2 protein chains.
Amino acid sequence: MADRPGAPHDLHATAAQRLRSDGQRYTSNRRVLIDLLGATDHPVTIAEVLTLRADLAQSSVYRNLAVLEQAGVVHRVVATDEYARYELAQDLTEHHHHLICSSCGAVADFTIGPKLEESMAEAFARVGEQTGFETDHHRLDLVGRCTDCR
Amino acid sequence: MADRPGAPHDLHATAAQRLRSDGQRYTSNRRVLIDLLGATDHPVTIAEVLTLRADLAQSSVYRNLAVLEQAGVVHRVVATDEYARYELAQDLTEHHHHLICSSCGAVADFTIGPKLEESMAEAFARVGEQTGFETDHHRLDLVGRCTDCR
DNA sequence: CTCAGTGCAAAGGATTTGCATGCCG
DNA sequence: CGGCATGCAAATCCTTTGCACTGAG
């Protein structure tokens, strides 16, 4: 689950390309963020980023993550606490879901089988037809207690 | 989907009982909140509550919803925007999921078939065994654009 | 050179808290 | 009566924004 499809180079190349398509530059700060997100196996809070890379300015991190999200390179994850979390866009990693600890707020990744994903996709298609809702992506999270908090 | 299992009386009785078990009173303000949540078919923001019932003090709404959540009567729903939303606990209504509009933030309810729910429950049990994560509940949301925003 | 990106500090906005008062038990 | 609930206003805290400076193209 920690392995990413494609080498780091591809990751940066893809990020650069998507940013360019969006009229944005791939600056060193943005590269640092991508490196950082590519090295973790869970969505990261802004606070974590600032701790891991104390040289980054808070406002730049907020702004750059917003730019990267806009360009479709990273994805904003909403857990249950008030902190925003970011991960690489799932087409740059692999499709997965989140285990959210309601006690400490930790977020971990997990996957379910492709069969189940398919069944869900079919169900979502039906819902879309019936309601007129145009689905962009789905969110399947388990909320509970992580091993540390049990 | 708008129908709730059990008459309103049961709802209040259950709410009162759960609060009592939690050492809390079922005050008139709390009753108003339950009435309001029972009357809608989607999770409600604090702002909506304050608009619908302008006589309620903002701080009391925040505090009472927290108390009600603690007692297991209401559930806090996290969408994609920064607003907290609340709905009745799903054992007081029926199990459902959310359509979240990433454009206007609207949240609507929908359900999937019991078969699929079962398959998911099985998958979650497996994940729990493998990771040691103790699941309290799951969250399955579709993020996209509602009919108004398409 | 030009203009987007950066960093610092100040502002914004949803949510929380302190405190005096009111009311249920 | 005692203690929790309430309401108002002030405080918090994550996040956003203003502004002057720096650096890439």
Side-chain angles (χ1 to χ4, degrees), chain A residues 12 15-36 43-71 73-86 102 104-105 107, chain B residues 12 15-36 43-71 73-86 104-107:
Chain A
H12 288 301
Q17 208 241 301
R18 291 195 188 172
L19 283 170
R20 213 173 306 120
S21 301
D22 207 46
Q24 301 284 351
R25 301 177 191 164
Y26 195 34
T27 65
S28 63
N29 271 355
R30 292 172 188 174
R31 178 177 293 263
V32 166
L33 289 174
I34 296 298
D35 271 332
L36 194 156
V44 181
T45 62
I46 307 279
E48 281 181 86
V49 173
L50 293 174
T51 300
L52 293 171
R53 298 300 305 255
D55 54 315
L56 296 177
Q58 187 188 51
S59 58
S60 295
V61 173
Y62 276 102
R63 276 194 273 236
N64 283 326
L65 286 173
V67 168
L68 289 167
E69 187 190 21
Q70 170 64 34
V73 181
V74 307
H75 182 70
R76 183 184 218 261
V77 176
V78 179
T80 56
D81 56 25
E82 64 270 47
Y83 299 91
R85 288 177 167 77
Y86 287 87
S102 51
C104 70
V107 179
Chain B
H12 287 301
Q17 208 239 299
R18 291 194 187 173
L19 282 169
R20 213 174 305 120
S21 303
D22 206 47
Q24 300 284 351
R25 300 175 192 166
Y26 196 34
T27 65
S28 64
N29 270 356
R30 293 173 187 173
R31 177 177 293 264
V32 166
L33 289 175
I34 295 299
D35 270 332
L36 193 156
V44 179
T45 63
I46 307 278
E48 281 181 87
V49 173
L50 293 174
T51 300
L52 292 170
R53 297 300 305 255
D55 54 314
L56 296 176
Q58 187 188 53
S59 58
S60 295
V61 173
Y62 275 103
R63 275 194 274 235
N64 283 326
L65 286 173
V67 168
L68 289 168
E69 186 189 22
Q70 171 63 35
V73 181
V74 307
H75 182 71
R76 184 183 216 260
V77 176
V78 179
T80 55
D81 56 24
E82 64 269 49
Y83 299 92
R85 287 176 168 76
Y86 287 87
C104 70
V107 180

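Order of the sequence lines fixes the chain letters, A, B, ..., with proteins taken first and strands second; residue numbering starts at 1 for each chain. Bear in mind the structure is a predicted one, so any value in this text is a computation, not a measurement.
Taking side-chain N and O atoms only, A/Ser60 has a distance below 4.0 Å to OP1 or OP2 of C/dG7. One finds no side-chain N or O of B/Tyr62 lying less than 4.0 angstrom from the OP1 or OP2 phosphate oxygen of C/dT16. Under 4.0 angstrom from either OP1 or OP2 of D/dT6 there lies at least one side-chain N or O belonging to B/Asn64.
Residue contacts for B/Ala84: at a heavy-atom cut-off of 4.0 Å it reaches the sugar-phosphate backbone alone, with no base atom in range. Among the heavy atoms of the strands lying under 4.0 Å from B/Arg63 is at least one base atom, whether or not backbone atoms are also near. Note on B/Thr27: only backbone sugar-phosphate atoms sit closer than 4.0 angstrom, heavy atoms only; bases stay farther off.
Atom CG in A/Leu65 sits roughly 14 Å away from atom C1' in C/dG5 (whole-Å rounding). For A/Tyr83 and D/dT16, the OH to P distance is 15 Å, given to the nearest whole Å. In this structure, the CG atom of B/Leu19 is 15 Å from the C1' atom of C/dG25, given to the nearest Å. Atom-to-atom, CD of A/Gln24 to P of C/dC3 comes out at 16 Å; the value is rounded to the nearest Å. Regarding B/Asp81, its CG atom lies at a distance of 15 Å from the P atom of C/dG13, rounded to whole Å. Distance, B/Arg30 CZ to D/dT6 C1': 10 Å, rounded to whole Å. When the C1' atom of D/dC8 is taken as reference, atom CG of B/Leu56 falls 15 Å away, rounded to whole Å. Regarding B/Arg31, its CZ atom lies at a distance of 18 Å from the P atom of C/dC23, rounded to whole Å.
In this structure the side chain of B/Tyr86 never reaches within 4.5 angstrom of the side chain of B/Leu68, judged on heavy atoms. Residues A/Val73 and A/Val67 have side chains not in contact (no heavy-atom distance under 4.5 Å, counting atoms from C-beta outward).
Of the candidates D/dA5, C/dG5, C/dA9, the closest approach to any side-chain atom of A/Ser59 belongs to C/dA9. With D/dC14, D/dA5, C/dT15 as the candidates, the nucleotide lying closest to the side chain of B/Ile46 is C/dT15. Comparing C/dA14, C/dT6, D/dG7 by their closest approach to the side chain of B/Ala57 singles out D/dG7.
Summary of the strand contacts: A/Asn29 and A/Gln58 both lie near DNA chain C, and taking for each the nucleotide with the nearest heavy atom, the more 5' one is attributed to A/Asn29. Looking at which nucleotide of DNA chain C each of B/Arg25 and B/Arg85 is closest to, the 5′-most match is held by B/Arg85. Taking the nucleotide of DNA chain D with the nearest heavy atom to each of A/Arg76 and B/Gly23, the more 5' of the two is matched to B/Gly23.
Here the straight-line distance linking atom OG1 of B/Thr45 with atom CD of B/Glu82 works out to 11.0 Å at 0.5 Å rounding. A distance of 11.0 Å separates CG in A/Leu56 from OG1 in A/Thr51, rounded to the nearest 0.5 Å.
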Under the side chain to side chain contact (heavy atoms under 4.5 Å, CB included) rule, what do A/Asp35 and A/His12 come out as? Steps first, then yes or no, please.
CA-CA 8 Å; A/Asp35 271 332; A/His12 288 301; 2.8 Å; yes
